[in-house]
Amino acid sequence: DTEVTQTPKHLVMGMTNKKSLKCEQHMGHRAMYWYKQKAKKPPELMFVYSYEKLSINESVPSRFSPECPNSSLLNLHLHALQPEDSALYLCASSQLDVDTQYFGPGTRLTVL
Amino acid sequence: DQQVKQNSPSLSVQEGRISILNCDYTNSMFDYFLWYKKYPAEGPTFLISISSIKDKNEDGRFTVFLNKSAKHLSLHIVPSQPGDSAVYFCAARDSGGSNYKLTFGKGTLLTVNP
C-alpha cells in the first residue's frame with residue numbers, strides 16, 4: 001500500500017480565515033513533506049519532517065505553519081493567506097534515506 | 001538556474017507506439033533519478049527510478065535509460081496506451097545535499113491518441 005491521503009480535497013478561504021490541511025500515511029514512513037504546485041509548474045518543496053521534527057523549511061512565509069503530531073500525520077495551518085497562495089498543496093512521504101516519495105492527491109486551495 | 005530540464009513541453013503519440021520522454025540535468029552531483037506521472041487535479045504518482053550506478057531500469061512497459069556522460073535520461077513507454085496520457089515529471093536527488101530534497105523538471109504533457 002502506497003497511499004497518502006489528504007483532506008480536504010478543495011478549500012476556499014478568505015484572507016482573514018484560519019484553516020488547516022491534513023495529511024495521513026500508514027506506510028511507516030518517517031519523512032513527510034509539504035509541496036506547493038502552481039498550474040503548469042513542478043512541485044515546489046515547502047517543508048520536510050523527519051522523525052516528527054522539522055528538518056527543512058524552504059524559506060516559507062510564516063502564514064504557513066506546519067505541524068507533525070505523530071509519525072502518521074502532517075498538518076499545514078494556514079492564516080492570513082494571500083490570493084497568490086492559491087495552488088495545489090501536496091503532501092508526500094518516504095522512508096528515511098530512501099528517495100522515492102509517494103504523493104497524496106493534493107488539496108486545491110483558493111484564497112479570495 | 002534550472003538544474004533539471006524537460007525541454008519538450010508536450011508530446012503526442014499514437015496508441016501502440018513508443019513514447020520517449022527526455023530529461024537533461026546540469027548538476028553532476030545528482031545520483032538518483034525518478035519519473036512521476038501526474039493526472040490533472042491529482043498528486044504525482046511514482047513510476048520508476050534509477051540510480052546513477054546503473055544505465056537502465058525496466059518495469060513492465062516503462063524503461064528508464066541514464067547516460068551519465070551526457071547528463072541525460074529518458075523514459076520509454078512501450079506500447080503507449082491512452083491511459084498513459086498525463087504530465088510526466090523527471091526528478092533528481094543531489095548526493096551532496098539533503099537526502100530529502102528532489103529537484104523537479106517542468107514536466108512534459110504526453111497525449112496518446114487512440
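Order of the sequence lines sets the chain letters (A, B, ...), proteins ahead of strands, with each chain counted from 1. Side-chain atoms are counted along with the backbone in the values below, which use heavy atoms only and exclude waters and symmetry mates.
- Ranked by non-hydrogen atom pairs under 4.5 Å with chain B, the options Pro43(A), Gly106(A), Gly104(A) are led by Pro43(A).
- Among Ser93(A), Ser94(A), Ser72(A), the single residue meeting the side chain to side chain donor-acceptor pair (under 3.5 Å) criterion with His29(A) is Ser93(A).
- No more than 12 heavy atoms of other residues, nucleotides or ligands shown are found within 6.0 angstrom of NZ on Lys54(B).
- Classification of the Phe89(B)-Phe104(B) ring pair by plane angle, with boundaries at 30° and 60°, yields perpendicular.
- Using a 30° and 60° split on the angle between ring planes, Phe103(A) and Tyr35(A) fall in the tilted class, from 30° to 60°.
- In this structure, chain B has a heavy atom under 4.5 Å from the side chain of Gln37(A), while its backbone stays farther away.
- The contact between Glu58(A) and chain B is made entirely by side chain atoms (from C-beta outward), counting heavy-atom distances below 4.5 Å.
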